[in-house]
Amino acid sequence: MPELPEVETVVRGLRACLPGRTFLEIRLGKTDFIDDPAALEKSLPGSRIVDVVRLGKFVRIVLKTGSPPGPLPRPPLHFIIHLGMTGQLTVARPSDPIAPHTHCFFVLDDGREMRYTDIRRFGRMLLVPESGLGEFGGRLGKEPLEIDAEEFCARLGSRRARVKALLLDQRVLRGVGNIYADESLFRARLHPARIAQRLTKKQLLALHRAVREILATAIEMRGSSISDYVDAAGNRGEFQLRHHAYQREGKHCFRCGEKIRRIIVAGRSSYFCPKCQPAPRQRRIV
DNA sequence: AGCTCTTCCTGAAAGC
DNA sequence: TGCTTTCAGGAAGAGC
């Protein structure tokens, strides 16, 4: 499932081959994950790709639209894609076999095409004008790899919610999902159901550091391939081999040997070591 | 404010 | 064996 490291890996792959290319035509299959399919069909053909960047778990393709109608310079248009649970953005040759559940084809002027494949269609696509980009980004929290320690502590330490819920909340931090929340909490030795406000400064600092280290390492290893994730070239990542907690229920903790447990926190499966990550003292969960 | 439940969707896995 | 049920989860919205 694509979280920050997986999306970053996809973006790096796309950035290596898309900028400078122009969309010639697009073909859409199922469109229920697209905010405005007609707008895509209208705006993408003839648009030139200026850049590809990541915004939390979103891929943002910066476009210079075609057919200049007047003398005024046209502001860029942003083609924004969320991969949901099972979304894949790949660049292929038209003759390459088409994976099942491939719903969109974006034909490029170099003879290749970008394809969007999404089994469960939890993804999302939308166009955001330059004037709306600030508002779109404003609804998202800070980049986990950019936020400094003080702001991290302030953002989380002031909240009464469970620390896991805050890590997953895209308005607090953008890009962390279930895998990296659990791995970060394991590294920081914090139980997922701990109330953020009750953490010490030292613990918050440890979490800040853990999140950054986990994400940086995961990016180096090109993400975690748990189910469907592949990068822009169709390759799997390798960070799943380094997971210490996620999906390791019943297996022994690499640190202390205790069996990893799974509980539900914030409506999500949460894997942790009951010895390394002791439960909060009062109202303990499970 | 923050929690739980529901919805979207498919395929894998568990249950019978 | 083969069918049916359950579950997983990112995000948004409803309701408490």
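Small disclaimer: the values here were computed from a predicted structure and weren't measured. Below, chain A is the first sequence line, B the second, and so on; all start at residue 1.
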Please give, in whole Å, the distance from [N] [atom2] to [X] [atom1]?
{"X": "A:Arg162", "N": "B:dC3", "atom1": "CZ", "atom2": "P", "answer": "6 Å"}
{"X": "A:Arg198", "N": "B:dA1", "atom1": "CZ", "atom2": "C1'", "answer": "14 Å"}
{"X": "A:Gln197", "N": "B:dC3", "atom1": "CD", "atom2": "P", "answer": "12 Å"}
{"X": "A:Ile119", "N": "B:dA12", "atom1": "CD1", "atom2": "C1'", "answer": "11 Å"}
{"X": "A:Asp35", "N": "B:dC8", "atom1": "CG", "atom2": "C1'", "answer": "14 Å"}

Connected hydrophobic set around [X], excluding itself, where side chains approach under 4.5 Å:
{"X": "A:Phe105", "value": "A:Ile98"}
{"X": "A:Phe58", "value": "A:Leu55, A:Ile80, A:Leu126, A:Val128, A:Leu133, A:Phe136, A:Leu140"}
{"X": "A:Val107", "value": "A:Leu24"}

Do any side-chain nitrogens or oxygens of [X] fall under 4.0 Å of OP1 or OP2 in [N]?
{"X": "A:His101", "N": "B:dC9", "value": "no"}
{"X": "A:Arg121", "N": "B:dC8", "value": "no"}
{"X": "A:Lys30", "N": "B:dT10", "value": "yes"}

Open item on the list: Using the salt bridge (Lys or Arg N to Asp or Glu O under 4.0 Å) criterion, which residues pair with A:Arg189? Sequence neighbours excluded.
Closed with: none

Open item on the list: Using the ring pair (Phe, Tyr, Trp, His ring centres under 6.0 Å) criterion, which residues pair with A:Phe239? Sequence neighbours excluded.
Closed with: A:Tyr180, A:His243

Task: Selection residues 14-28 of chain A - residue pairs positive for side-chain hydrogen bond (donor to acceptor under 3.5 Å, both in side chains), sequence neighbours left out - done: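 Residue pairs passing side-chain hydrogen bond (donor to acceptor under 3.5 Å, both in side chains), neighbours aside: A:Arg21-A:Asp109.
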
TODO: Any chance you could list the contact pattern along nucleotides 9-16 of chain C? Use B for base contacts, S for sugar-phosphate-only contacts and - for none, protein heavy atoms under 4.0 Å, 5' to 3'.
DONE: BBB-----

TODO: Answer yes if the side chains of A:Arg74 and A:Thr65 hold a donor-acceptor pair under 3.5 Å, and no otherwise.
DONE: yes

Task: Angle between terminal axes - the helix from B:dG2-C:dC16 to B:dC16-C:dG2, 5 pairs each end, rounded to 10° - done: 60°

Could you give the side-chain donor-acceptor pairs of residues 39-52 of chain A under 3.5 Å, partners two or more places apart or in another chain?
residue: A:Ser43; atom: OG; partner: A:Ala39; partner atom: O; Å: 3.3
residue: A:Ser47; atom: OG; partner: A:Ser43; partner atom: O; Å: 2.7

- [ ] Report the relative orientation of the aromatic rings in A:His208 and A:Phe152; use parallel for angles under 30°, tilted for 30 to 60°, perpendicular for over 60°.
- [x]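 Judged by the thresholds at 30° and 60°, the geometry between A:His208 and A:Phe152 is tilted.
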
